[in-house]
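Worksheet: one structure, shown below.
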Amino acid sequence: MIVILLAVFTSAASAPDVSFKTALPQVYLIDYAATHVGNPQYLETIAEAPPDILHVGHDLAFKSHLGPCRGFGSFPASYDLMSPDECDVEIARLREYVDTLHRAGARTVIPYICDVFLFGDHEKRTGFWTFYDHWADYERFGFGKKPETDPIEWMQSDERRPFERNDMFVYEPCINHPDWQRYLRAIVRLVAQCGYDGVFVDVNSFRCPHACCRSLFWKYLRERYSAEEVNKLFGFDSPKSVRLNENGKDLLAVETCRFRAWSFARLFTMLKNEGAAIHPGFMLLPNLSPMAHIAGVRQRIGNGQDVGRWATVCDWLMFEEMQQPGLFGAGTISDCTLQYKLAFANRVRGGMLLYHARDSDGVSLAMAEAGAGGGGALIQGGYESPEARNRYRAFWRDNRDFFEGYEPWSQDGVCYFRDELYWGNLAHLHAIYRLRDHLARHHVLFDFIVDGGLKPWKLRGYKAVILPFLTHLNNRELEALREYVEEGGVLVAMGDCGTFDELGRRRARSPFVRWTDSANTEGSSFVRHVKKGAFLSIDDLDAHVPPSPFNLYDLGEEEANDIEIVMRHAMDAPAIVKESSPLLELIAPLAKTDLTVAGPETPRTVQVSAFVKQDAAGGSLVLHLLNYNLPIHGLAKSGPPVPVHDITIDVPLPQGWRAISAETIAPDAPPENIAFTKSGLRTRAHIPQLNLYKVLRIRCKTDVRP
């Protein structure tokens with residue numbers, strides 16, 4: 001089993017040569033209240049605006065962190081171990097409960113488990129240890145024989161944190177310990193036996209240095225390297241000599257971080273397979289934590305959280321955020337564009353848990369983001385604003401042909417490589433957040449290119465590709481970039497890109513110098529023309545992508561989660577006027593096209609994404625327009641949106657496409673035919689008014705068969 005899993009999950013997700021396509025967004029509700037089971041009023045609430053995905057809490061007979069204790073709260077007031085016979089009754093009761101949720105309209109129902117926490121006291125034998133000491137009584141539920149090792153031996157470290165209730169402590173078991181894995185697998189089987197359609201896995205963070213990880217790390221390394229290479233690169237000659245270390249900036253640190261992400265993918269596969277053996281199509285959705293701020297990403301580097309590696313085995317990932325989308329103050333936009341683009345680039349659906357998106361306008365804009373992001377969902381806490389959910393659910397289903405089966409249509413590719421963070425390259429991370437904000441507010445259609453994505457077939461779709469301080473590139477990636485430029489692409493290198501190879505070895509000179517024909521310099525940037533294309537080098541990020549006075553992503557995690565602090569910062573920041581972009585002014589003449597798709601008068605609060613689809617009837621280009629001028633007044637208080645009038649969309653079409661019609665749809669307005677004009681490969685359309693969200697579809701005749 002281990003050998004097979006090693007072969008499958010050794011490397012990051014390198015996208016197969018098959019396009020990942022858009023899907024219908026989902027309505028997703030989350031609520032951990034302990035009063036759902038057997039509650040007819042709760043069923044009425046669900047039936048009022050049924051979700052596609054209903055995410056409940058600890059509505060289980062066996063809780064992952066406590067075992068078979070009575071009650072459905074996260075942390076019962078007192079620990080009351082249920083007998084095996086009582087567990088049988090509870091499981092039957094839960095089957096009926098899940099059945100009633102399905103009948104109320106919830107299509108997919110999932111409960112909560114956690115893969116890295118146990119609660120109790122190993123000395124007083126309370127909490128989880130109460131269950132462990134009676135393990136033999138519960139063998140028939142799929143737990144098997146009682147493990148010989150006490151759970152205290154399963155832990156990542158010797159530390160335990162006091163818990164505020166029940167005189168318990170919080171312990172952190174290692175996800176690679178075989179006894180803990182066996183227990184979690186049994187828990188997921190019991191989840192499926194209760195009739196649930198999947199499971200949510202929380203926390204997902206570990207840094208275990210113990211033998212259970214060292215022995216597996218040796219096997220992981222041997223799958224990637226020969227014994228001689230392991231000895232030469234890391235100094236390990238046997239499993240006993242192995243150590244893990246994520247704190248450096250060397251290859252060992254990188255492989256430690258990769259190994260921990262791989263370990264989660266391996267665990268998720270085990271758990272998903274256990275559920276699918278009972279319930280085909282079983283869903284496993286892990287929590288990836290927040291990405292709205294750089295601090296949250298930075299502090300989790302090396303703990304195993306990795307979009308690309310998890311996406312190899314998961315269909316959905318949760319991004320746990322706080323603020324709702326909209327506008328703080330005069331010019332601070334709160335959005336989930338980065339998260340949706342990153343998820344899509346890694347071929348996985350993103351679910352955005354936005355704790356403050358509860359009022360009608362906030363819920364509406366958050367749901368619209370899922371449509372503009374190519375699928376996924378707002379994960380709404382609670383049941384407020386059912387009218388908004390029903391409106392968007394009907395809008396999506398009545399207009400499926402606008403949302404399903406499309407591929408991204410962008411002119412720019414921005415490289416976002418998770419492995420750069422493992423090398424300790426925080427300049428890459430900061431540049432990503434700056435670029436994302438800059439390109440979005442200048443209405444540039446762009447995608448993220450992620451680890452493993454620098455392939456000729458993918459690069460050919462972009463007018464420009466940006467490498468933001470991307471210091472580690474292998475020779476295959478460099479060759480793909482050279483081919484891209486020679487065929488006419490524009491490559492933008494920020495900082496000393498490609499200084500190191502994939503093993504961290506410094507190259508003697510810049511790899512890009514070798515394939516340039518001529519050079520000229522202007523200020524802090526220079527251009528080298530390479531056959532049909534161009535190479536643009538930029539050293540000063542601030543000069544070409546000017547920083548904003550205030551950015552949400554620059555706050556610390558606690559600050560970013562506190563709406564009073566966010567509002568105070570935003571109110572103190574000056575309004576941001578839409579100015580020219582030094583970066584785009586350099587790229588546009590090299591790319592021989594205008595990279596912006598909205599007229600110069602379009603405010604920066606409007607964001608645009610685009611997707612294309614071709615079938616036997618021709619081609620369709622769909623553009624999603626979002627208006628983030630939704631004033632946020634306080635916690636879960638926003639609106640009304642400030643409409644935008646007279647938006648000009650000027651978008652390039654794929655080669656061989658000719659526009660024949662244009663129309664818009666919106667959740668709050670009737671469909672409308674739109675006048676358009678054509679100029680070369682570009683089509684221009686006029687949008688009279690944008691309230692919150694509108695979708696423009698341009699139908700085309702095509703010269704190329706699908």
Side-chain angles (χ1 to χ4, degrees), residues 31-39 55-95 97-98 110-175 177 179-191 193-194 196 199-203:
D31 178 12
Y32 288 176
T35 56
H36 297 160
V37 180
N39 183 346
H55 178 159
V56 298
H58 303 266
D59 297 348
L60 295 166
F62 290 83
K63 285 74 171 173
S64 60
H65 58 306
L66 288 168
C69 65
R70 202 177 310 281
F72 300 119
S74 303
F75 310 105
S78 62
Y79 187 89
D80 188 4
L81 187 73
M82 288 193 295
S83 70
D85 289 344
E86 288 175 315
C87 289
D88 285 326
V89 173
E90 198 73 294
I91 290 171
R93 183 182 175 211
L94 288 167
R95 285 198 195 102
Y97 160 66
V98 176
I110 61 174
Y112 174 106
I113 68 169
C114 177
D115 55 11
V116 295
F117 283 168
L118 286 182
F119 287 77
D121 188 327
H122 74 285
E123 295 173 343
K124 297 180 179 178
R125 313 306 287 179
T126 60
F128 187 83
W129 277 269
T130 304
F131 162 64
Y132 175 76
D133 290 343
H134 295 84
W135 187 291
D137 297 338
Y138 300 88
E139 285 183 9
R140 65 182 175 85
F141 292 96
F143 292 102
K145 297 293 183 183
K146 181 179 179 180
E148 295 183 4
T149 58
D150 188 275
I152 195 61
E153 302 297 326
W154 307 350
M155 304 304 158
Q156 301 178 38
S157 70
D158 296 332
E159 296 181 8
R160 61 177 188 173
R161 301 195 309 275
F163 186 58
E164 65 269 19
R165 284 177 277 176
N166 302 342
D167 298 322
M168 290 188 184
F169 293 87
V170 182
Y171 298 78
E172 297 185 11
C174 173
I175 65 167
H177 195 286
D179 290 332
W180 176 239
Q181 285 182 353
R182 178 157 66 94
Y183 170 74
L184 288 176
R185 290 165 67 180
I187 289 292
V188 171
R189 287 195 299 272
L190 288 164
V191 167
Q193 287 169 13
C194 288
Y196 286 108
V199 69
F200 169 72
V201 186
D202 199 15
V203 183

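All values derive from a computational prediction rather than experimental measurement.
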Measuring from I91:CD1 to L60:CG, what's the distance to the nearest 0.5 Å? 9.5 Å
Atom SG of C114 and atom CD1 of I187: how far apart are they, to the nearest 0.5 Å? 12.0 Å
In Å, rounded to the nearest 0.5 Å, how long is the span from CD1 of I175 to CG of D115? 6.5 Å
Aromatic contact between F141 and F62, with the criterion being ring centroids under 6.0 Å apart: yes or no? yes
Give a yes or no answer on whether the side chain of Y132 reaches the backbone of G67 with a donor-acceptor pair at less than 3.5 Å. no
Would H122 and Y171 count as having a side-chain donor-acceptor pair, cut-off 3.5 Å? yes
Distance check, rounded to the nearest 0.5 Å: M155 atom CE versus E172 atom CD? 9.5 Å
Are any side-chain N or O atoms of K63 and backbone N or O atoms of F72, one a donor and one an acceptor, separated by less than 3.5 Å? no
Quick one, D121 with M168, criterion side-chain contact (heavy atoms from CB on, under 4.5 Å). Give me CA distance, side-chain angles, the key distance, then yes/no. CA-CA 6 Å; D121 188 327; M168 290 188 184; 6.0 Å; no
Ring centroid separation F143 to Y183 under 6.0 Å: yes
Intermediate values then yes/no, ring-ring contact (aromatic ring centres under 6.0 Å, His included), H58 and Y112: CA-CA 6 Å; H58 303 266; Y112 174 106; 4.6 Å; yes
Quick one: pull up CG in D59 and CD in E90 and give me the separation to the nearest 0.5 Å. 9.5 Å
Using modelled atom types only, decide if a donor and an acceptor are shared between the side chain of H134 and the backbone of T130 within a distance under 3.5 Å. yes
Under a 3.5 Å distance rule, please check whether Q156 uses its side chain to pair with a backbone N or O of P173 as donor and acceptor. yes
Sequence neighbours left out, what pairs pass side chain to side chain donor-acceptor pair (under 3.5 Å) with at least one residue falling in residues 140-152? D88-R140, R125-D150, W129-D150, T149-W154, T149-D179
Side-chain contact, heavy-atom cut-off 4.5 Å: F131 with L66? no
In sequence, state the C-alpha distance, the side-chain angles, and the governing distance for Y32 and V56, and then conclude on side-chain contact (heavy atoms from CB on, under 4.5 Å). CA-CA 5 Å; Y32 288 176; V56 298; 5.9 Å; no
Pairwise distance NE2(H65) to CZ(F128) - rounded to 0.5 angstrom: 11.0 Å
Salt bridge or not for E123 and R160, using N-O below 4.0 Å? yes
Going through the checks in order, is the side-chain contact (heavy atoms from CB on, under 4.5 Å) test met by F169 and L118? CA-CA 8 Å; F169 293 87; L118 286 182; over 6 Å; no
Is there a donor-acceptor pair under 3.5 Å between the side chain of R95 and the backbone N or O of Q193? yes
